[in-house]
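When a residue number appears, it is its place in the shown sequence, counting from 1. These numbers come from the heavy atoms of this one structure, side chains and all, not from hydrogens, waters or symmetry mates. Note that the structure is predicted; figures quoted are calculated from it, not measured.
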Amino acid sequence: MRIPTVRLFDDTTGESLGIVPIDRARELSVERELDLVEVAPQAQPPVCRLMDYGRYKFEAMKKDKESRREHNVITIKEMKLRPKISEHDFQTKFGYVKNFLREGDKVKLTIMFRGREMVHQEYGRRLLDRMADELSELAVIERTPLVEGRNMVMILSPLMKKHPKSENRTNNTQPTPARAGAPAGDTAEPETGSEANAEDQNA
């Protein structure tokens, strides 16, 4: 059904033009070299705005990009190992760490020493060096092995950046082109120290 009248605003001047016939709204958009965009189709009468729609789209995309960047949360996963871990268990945990890095997460590798194992810390160091060496195509060492109490810790940082989940969200607040013949168009948190621990099956 054809829209007889619309409530019209000029975004470039902030002017409220009141309720005008749709044909007059079209004429004003041509005279002012602006786009006629319907922003509230459910209102009675529908609300339209005169705006530079191309510039609006550019600004909206810019703000959305900045918002995604601010909400890109980096998670630190933790993988615990024992210094005398079997080859089978090492490969299992290696697979988990590899997947974490591919998903863009940092990984905290923790070697847990018990009793007299503290005397032979070189075993733990060899495990960490091996892990870092075999993952060199996916990660870099952000924090070199360091002894903390009875643990030896190393942090790996992925070479591939994590894609923020907000990229897949759709902005539903964007105004839609008016049915009166308007042109069509489209319209992150600081790094956390949170750690999602992978269970150590050999503890």
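Residues Glu38 and Ile3 have side chains in contact (heavy-atom distance under 4.5 Å, counting atoms from C-beta outward). Looking at heavy atoms from C-beta onward, Val119 lies out of side-chain contact with Phe113 at the 4.5 angstrom threshold. Two residues are said to be in side-chain contact when any heavy atoms from C-beta on lie closer than 4.5 Å; Leu135 and Val107 fail this criterion.
In this structure, Met152 CE and Met118 CE are separated by 7.5 Å, a value rounded to the nearest 0.5 Å. One distance of note links CD1 of Ile111 with CD1 of Ile85; it measures 7.5 Å at 0.5 Å rounding. Once rounded to the nearest 0.5 Å, the distance linking CG of Leu36 with CE of Met51 reads 9.5 Å. Between atom CZ of residue Arg150 and atom CZ of residue Arg114 there is a gap of 10.0 Å, rounded to the nearest 0.5 Å. With rounding to the nearest 0.5 angstrom, the CD atom of Glu59 is 13.0 Å from the CG atom of Asp64. Expressed to the nearest 0.5 Å, how far CG of Leu109 lies from CE of Met79 amounts to 8.0 Å.
A salt bridge links Arg82 with Glu117: the distance from a Lys NZ or Arg NE/NH1/NH2 to an Asp or Glu carboxylate oxygen falls below 4.0 Å. Salt-bridge formation is not detected for the pair Asp129/Arg126: no Lys NZ or Arg NE/NH1/NH2 atom is positioned less than 4.0 Å from an Asp or Glu carboxylate oxygen. Ion pairing of Arg24 with Glu27 is present here, as a side-chain N (NZ or NE/NH1/NH2) and a carboxylate O approach within less than 4.0 Å.
Within 6.0 Å of the CD atom in Glu148, the count of heavy atoms belonging to other residues, nucleotides or ligands exceeds 12. For Arg55, the CZ atom counts as loosely surrounded, since its 6.0 Å shell holds 12 or fewer non-hydrogen atoms of other residues, nucleotides or ligands. Residue Glu137 places its CD atom among 12 or fewer non-hydrogen atoms of other residues, nucleotides or ligands, all under 6.0 Å distant.
Minimum interatomic distance between Ala132 and Ile141 (heavy atoms only, all atoms of both residues): CB-CD1, 3.8 Å. When all heavy atoms of Asp35 and Gly54 are compared, the pair lying nearest together is OD2-N, 4.2 Å. Considering every non-hydrogen atom in both Pro41 and Pro46, the closest pair reads O-CG, 3.9 Å. In terms of heavy atoms, Cys48 sits closest to Val6 at SG-CG1, 3.9 Å.
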Could you pull out all donor-acceptor pairs under 3.5 Å where a side-chain atom in residues 7-14 meets a protein atom, sequence neighbours excluded?
from  : atom 1 : to    : atom 2 : distance (Å)
Asp10 : OD1    : Thr12 : N      : 2.9
Asp10 : OD1    : Thr12 : OG1    : 2.5
Asp10 : OD2    : Arg32 : NH1    : 2.5
Asp11 : OD1    : Arg49 : NH1    : 2.8
Thr13 : OG1    : Glu15 : N      : 3.2

* Chi angles and distances behind the side chain to side chain contact (heavy atoms under 4.5 Å, CB included) call for Thr110, Leu81 -> CA-CA 6 Å; Thr110 302; Leu81 305 93; over 6 Å; no

* **Intermediate values then yes/no, salt bridge (Lys or Arg N to Asp or Glu O under 4.0 Å), Arg130 and Glu87** => CA-CA 12 Å; Arg130 177 185 175 187; Glu87 180 62 23; 2.8 Å; yes

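The same ILVMFWY cluster, assembled from side-chain heavy atoms under 4.5 Å apart, contains both Tyr96 and Met154. Hydrophobic cluster membership differs between Ile155 and Leu127, with clusters built from Ile, Leu, Val, Met, Phe, Trp and Tyr side chains linked at under 4.5 angstrom. Taken together through direct or relayed side-chain contacts under 4.5 Å among Ile, Leu, Val, Met, Phe, Trp and Tyr, Val153 and Leu128 form parts of separate hydrophobic clusters. Under a hydrophobic clustering in which Ile, Leu, Val, Met, Phe, Trp and Tyr are joined whenever their side-chain heavy atoms come within less than 4.5 Å, directly or via other members, Leu138 and Val97 fall into the same cluster.
Remark: Tyr123 pairs with His120 by the ring-ring contact (aromatic ring centres under 6.0 Å, His included) rule, at least two apart or across chains.
No donor-acceptor distance shorter than 3.5 angstrom exists from the side chain of Asp105 to the backbone of Lys77, with no hydrogens or angles considered.
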